S.K.: 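Take a look at this one; I'll ask things after.
A quick note: this is a predicted structure, and the numbers were derived from the prediction, not measured. Here, residue 1 is the first one in the sequence, and each next residue gets the next number.
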Amino acid sequence: MSRTPGRIFEGNLNAKGLRIGIACARFNEFFVSKLLDGALDAFVRHGGDLADVDVAWVPGSFELPFALSKFIARGNYDAVIALGVVIQGATTHAAQINSQVSKAIGQLGIESGVPVLYGLLTTENIEQAIERSGTKAGNRGFDVTVSAIEMANLNKAMKS
């Protein structure tokens, strides 16, 4: 029995010629703008052109899947990214938002055939949001955009 696969598919980190849509939540905009800065930085550092990035701002994280679905419906994006920050408060509201948004984002990717990336920070407090939006724990916007580039290229490779 052979243990060599027929074909191996991998994406690469070349953003040249890719088009992406980024949906950003305005709630906690201070942090989300830092995530967006990181996302745009990653795209350019990997050879992309900012003219190939479209950004939609929505009121909060719950509305992100709607904007992503509109990007997908346009039919001209290689990947779409959700950026938002949900900080746990005294109620279960954050858990409700996180659960619904993550399910919707996952479903959009499966149903559309377009890579849909989850770039939300779901933190217990403001300090964690600070750490993950560009300080000692990195920038989730940068990281998720690198994943989007790779997934967009993998998707193209698997279509050929």
Side-chain angles (χ1 to χ4, degrees), residues 11 13 15 18-46 48 50 52-156 158:
L13 296 179
L18 294 181
R19 287 197 41 82
I20 63 168
I22 303 175
C24 297
R26 204 175 307 108
F27 195 82
N28 289 319
E29 187 272 338
F30 175 81
F31 300 113
V32 177
S33 65
K34 306 279 188 242
L35 299 177
L36 179 58
D37 289 346
L40 298 175
D41 182 38
F43 194 71
V44 170
R45 284 181 188 255
H46 289 87
L50 285 181
D52 293 326
V53 178
D54 292 335
V55 176
W57 285 90
V58 299
S61 291
F62 191 79
E63 293 79 21
L64 289 168
F66 178 83
L68 295 173
S69 72
K70 291 300 184 183
F71 277 137
I72 291 166
R74 293 175 62 109
N76 61 342
Y77 295 98
D78 297 297
V80 295
I81 300 168
L83 296 178
V85 177
V86 180
I87 301 171
Q88 181 62 51
T91 68
T92 62
H93 181 73
Q96 302 289 333
I97 296 295
N98 295 335
S99 174
Q100 293 302 309
V101 172
S102 63
K103 286 178 190 174
I105 287 172
Q107 198 63 36
L108 280 171
I110 292 167
E111 291 175 358
S112 70
V114 173
V116 180
L117 286 291
Y118 182 91
L120 275 73
L121 297 181
T122 56
T123 67
E124 295 174 8
N125 52 53
I126 290 174
E127 291 76 23
Q128 290 176 348
I130 292 168
E131 290 173 2
R132 290 164 177 77
S133 60
T135 62
K136 66 182 179 181
N139 184 305
R140 179 74 179 133
F142 187 99
D143 297 341
V144 75
T145 301
V146 170
S147 295
I149 293 165
E150 183 174 350
M151 288 302 296
N153 287 315
L154 173 66
N155 193 35
K156 285 183 177 191
M158 293 186 82

S.K.: Applying ring pair (Phe, Tyr, Trp, His ring centres under 6.0 Å), name anything that partners Y77, two or more places apart in sequence or on another chain.
M.R.: F71

S.K.: Using a strict 4.0 Å threshold on nitrogen-to-oxygen distance, state whether D78 and R19 make a salt bridge.
M.R.: no

S.K.: Show your reasoning for whether side chain to side chain contact (heavy atoms under 4.5 Å, CB included) applies to S133 and V85.
M.R.: CA-CA 9 Å; S133 60; V85 177; 5.9 Å; no

S.K.: Which heavy atom in A129 sits nearest to a heavy atom in L121, and how many Å separate them?
M.R.: O-CD1, 3.8 Å

S.K.: Test side chain to side chain contact (heavy atoms under 4.5 Å, CB included) on T123 and F31 and set out the steps.
M.R.: CA-CA 12 Å; T123 67; F31 300 113; over 6 Å; no

S.K.: Considering only distance and modelled atom types, tabulate donor-acceptor pairs under 3.5 Å from the side chains of residues 33-44, sequence neighbours left out.
M.R.:
{"unit_1": "S33", "atom_1": "OG", "unit_2": "E29", "atom_2": "O", "d": "3.1"}
{"unit_1": "S33", "atom_1": "OG", "unit_2": "F30", "atom_2": "O", "d": "3.0"}
{"unit_1": "D41", "atom_1": "OD1", "unit_2": "R45", "atom_2": "NE", "d": "2.8"}
{"unit_1": "D41", "atom_1": "OD2", "unit_2": "R45", "atom_2": "NE", "d": "2.9"}

S.K.: Please test D52 against L18 for side chain to side chain contact (heavy atoms under 4.5 Å, CB included), starting from the C-alpha separation and ending with a verdict.
M.R.: CA-CA 7 Å; D52 293 326; L18 294 181; over 6 Å; no

S.K.: Taking all non-hydrogen atoms of both residues into account, name the closest pair between Y118 and R140 and its distance.
M.R.: O-NH2, 2.7 Å

S.K.: Can you tell if the side chain of I20 reaches within under 4.5 Å of the side chain of L117, non-hydrogen atoms only?
M.R.: no

S.K.: For a 4.5 angstrom cut-off between non-hydrogen side-chain atoms, does I72 reach V116?
M.R.: yes

S.K.: Does CD1 belonging to I126 count more than 12 external heavy atoms closer than 6.0 Å?
M.R.: no

S.K.: Pairs under 3.5 angstrom only: tabulate donor-acceptor contacts from the side chains of residues 93-105 to other protein residues two or more places apart or in another chain.
M.R.:
{"unit_1": "N98", "atom_1": "ND2", "unit_2": "A94", "atom_2": "O", "d": "3.1"}
{"unit_1": "S102", "atom_1": "OG", "unit_2": "N98", "atom_2": "O", "d": "2.9"}
{"unit_1": "S102", "atom_1": "OG", "unit_2": "S99", "atom_2": "O", "d": "3.1"}

S.K.: For residues G84 and A25, report the shortest heavy-atom separation together with the two atoms involved.
M.R.: CA-CB, 4.1 Å

S.K.: Without swapping roles, check the side chain of E150 against the backbone of S147 for a donor-acceptor pair under 3.5 Å.
M.R.: no

S.K.: How far apart are the closest heavy atoms of G113 and N155, and which atoms are they?
M.R.: O-ND2, 3.1 Å

S.K.: What heavy-atom pair brings E124 and Q128 nearest, and what distance separates the two atoms?
M.R.: N-OE1, 2.7 Å

S.K.: Roughly how far, to the nearest 0.5 Å, is the CG atom of L83 from the CH2 atom of W57?
M.R.: 8.0 Å

S.K.: Do any N or O atoms from the side chain of Q88 and from the backbone of T91 form a donor-acceptor pair under 3.5 angstrom?
M.R.: yes

S.K.: To check you understand the geometry: which heavy-atom pair defines the closest contact between A152 and A79, and what is its length?
M.R.: CB-CB, 4.2 Å

S.K.: To the nearest 0.5 Å, what is the distance between CD1 (I81) and CD1 (I22)?
M.R.: 4.5 Å

S.K.: Dump the intermediate steps for side chain to side chain contact (heavy atoms under 4.5 Å, CB included) on V114 and L68, then the final yes or no.
M.R.: CA-CA 10 Å; V114 173; L68 295 173; over 6 Å; no

